[in-house]
Amino acid sequence: QVQLVESGGGLVQAGGSLRLSCAASGRTFSNYAMGWFRQAPGMEREFVAVIRWSGGNTYYADSVKGRFTISRDNAKNTVYLQMNSLKPEDTAVYYCAAGRQGLSFAQIVSGGGPAYDYWGQGTQVTVSS
């Protein structure tokens with residue numbers, strides 16, 4: 001089992017920045033690819049970003065590319081999402097998730113939500129216009 005706890009959400013004006021953190025406990029954190037997803041009211045959950053277990057590879061949704069950066073610190077069992085140039089359409093509950101062991105990074109990138117086994121409880125991000 002892996003337990004994930006997100007933090008860092010809040011209310012920010014358009015154009016502002018936030019950094020989300022996701023602290024992991026349980027099994028060896030460095031064995032897992034880690035992703036961020038988000039879900040806006042009335043919308044389906046959507047992929048935001050993912051980082052390989054070693055941190056060497058990342059992949060982003062087109063909607064956040066160039067504005068968001070995912071990173072991880074395996075010594076601290078923490079994955080981050082730096083969000084810059086925020087827009088009102090970024091408003092959502094943000095979730096971190098641990099990718100399924102045994103899948104390649106490419107399979108996790110293409111697999112979406114079903115490629116992840118563990119999820120946090122989410123943190124609210126609200127961007128005002």
Side-chain angles (χ1 to χ4, degrees):
Q1 286 281 353
V2 175
Q3 292 78 44
L4 303 172
V5 179
E6 302 95 335
S7 61
L11 174 65
V12 63
Q13 289 189 329
S17 298
L18 281 175
R19 188 175 82 155
L20 306 183
S21 299
C22 174
S25 60
R27 294 185 177 177
T28 305
F29 175 72
S30 58
N31 290 345
Y32 294 86
M34 296 297 297
W36 285 96
F37 290 76
R38 65 187 182 185
Q39 187 168 21
M43 304 291 285
E44 291 192 355
R45 182 182 62 197
E46 65 172 352
F47 166 79
V48 175
V50 61
I51 187 167
R52 191 181 177 94
W53 30 90
S54 64
N57 294 85
T58 57
Y59 183 79
Y60 296 91
D62 287 343
S63 58
V64 306
K65 202 173 295 184
R67 299 188 298 121
F68 290 12
T69 302
I70 188 171
S71 62
R72 67 190 295 163
D73 185 337
N74 286 344
K76 295 182 178 180
N77 289 351
T78 302
V79 62
Y80 305 97
L81 186 69
Q82 178 66 43
M83 305 186 295
N84 299 328
S85 302
L86 282 161
K87 305 175 182 179
E89 51 264 42
D90 294 318
T91 295
V93 177
Y94 283 71
Y95 300 90
C96 71
R100 183 167 303 151
Q101 286 191 298
L103 297 181
S104 68
F105 187 66
Q107 288 174 318
I108 290 175
V109 167
S110 62
Y116 295 78
D117 280 339
Y118 302 102
W119 295 81
Q121 83 291 345
T123 185
Q124 177 71 46
V125 172
T126 303
V127 184
S128 63
S129 57

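Contact record, Thr123 with Gly9: OG1-N, 3.2 Å, taken as the closest heavy-atom pair. Looking at every heavy atom in both residues, Cys96 comes nearest to Glu6 through N-OE2, 2.8 Å. Among all heavy-atom pairs drawn from Ser85 and Ser17, the shortest one is N-OG, 4.4 Å. Closest approach of Leu18 and Gly8 over heavy atoms only: CD2-O, 3.8 Å. In this structure, Gly99 and Ile108 approach most closely via the heavy-atom pair CA-CD1, 4.2 Å. Here the closest non-hydrogen pair linking Ala33 and Val50 is CB-CG2, 4.5 Å.
No side-chain heavy atom of Arg100 sits less than 4.5 Å from a side-chain heavy atom of Tyr116.
Taking the six-membered ring where the residue is Trp, the centroids of Phe37 and Tyr95 are separated by 6.0 Å or more. Aromatic ring centres of Trp36 and Phe68 lie farther apart than the 6.0 Å criterion allows.
At distances below 3.5 Å, not a single donor-acceptor pair connects side-chain atoms of Thr28 with backbone N or O atoms of Asn31. Put simply, the side chain of Asn74 gets close to the backbone of Trp53: a donor and an acceptor are under 3.5 Å apart.
For the atom pair Ser21 OG and Lys76 NZ, the distance stands at 9.5 Å (nearest 0.5 Å). In this structure, the separation between CD on Gln3 and CD on Gln121 is 12.0 Å, given to the nearest 0.5 Å. Note that the OG atom of Ser54 and the CZ atom of Arg72 stand 8.0 Å from one another [nearest 0.5 Å]. With values rounded to the nearest 0.5 angstrom, Tyr60 atom OH is found 12.0 Å from Arg67 atom CZ. Summarising the geometry, atom CG belonging to Leu81 is positioned 11.5 Å from atom CE belonging to Met34; distances are rounded to the nearest 0.5 Å. Here Gln39 contributes atom CD and Tyr94 contributes atom OH; the two are 12.0 Å apart, rounded to the nearest 0.5 Å.
A cation-pi arrangement is present between Arg45 and Trp119 under the rule of less than 6.0 angstrom and at most 45 degrees off the ring axis. Geometrically, Arg19 engages Tyr80 in a cation-pi contact, judged by NZ or CZ lying under 6.0 Å from the ring centre and within 45° of the ring axis.
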Worksheet item: After noting the C-alpha distance and the side-chain angles of Thr78 and Asp73, does the key distance pass the side chain to side chain donor-acceptor pair (under 3.5 Å) rule?
Response: CA-CA 5 Å; Thr78 302; Asp73 185 337; over 6 Å; no
Worksheet entry | side-chain contact (heavy atoms from CB on, under 4.5 Å) between Glu46 and Glu44, intermediate numbers included | CA-CA 6 Å; Glu46 65 172 352; Glu44 291 192 355; over 6 Å; no
Practice prompt. Apply ring pair (Phe, Tyr, Trp, His ring centres under 6.0 Å) to Tyr59 and Phe105, showing your working.
Written response: CA-CA 10 Å; Tyr59 183 79; Phe105 187 66; 7.8 Å; no
Worksheet entry | Worked check of side-chain contact (heavy atoms from CB on, under 4.5 Å) between Ser63 and Arg38 | CA-CA 12 Å; Ser63 58; Arg38 65 187 182 185; 3.5 Å; yes
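In terms of hydrophobic clustering, with Ile, Leu, Val, Met, Phe, Trp and Tyr side chains grouped at heavy-atom distances under 4.5 Å, Val79 and Val125 are assigned to a common cluster. The hydrophobic clustering, which links ILVMFWY residues whose side-chain heavy atoms are closer than 4.5 Å, places Val12 and Met83 together.
With respect to the salt-bridge test (charged N to carboxylate O, under 4.0 angstrom), the residues Lys87 and Asp90 do not qualify.
When each of Ile51, Leu20, Val64, Val48 is tested with Ile70 by the rule side-chain contact (heavy atoms from CB on, under 4.5 Å), just one qualifies, namely Ile51.
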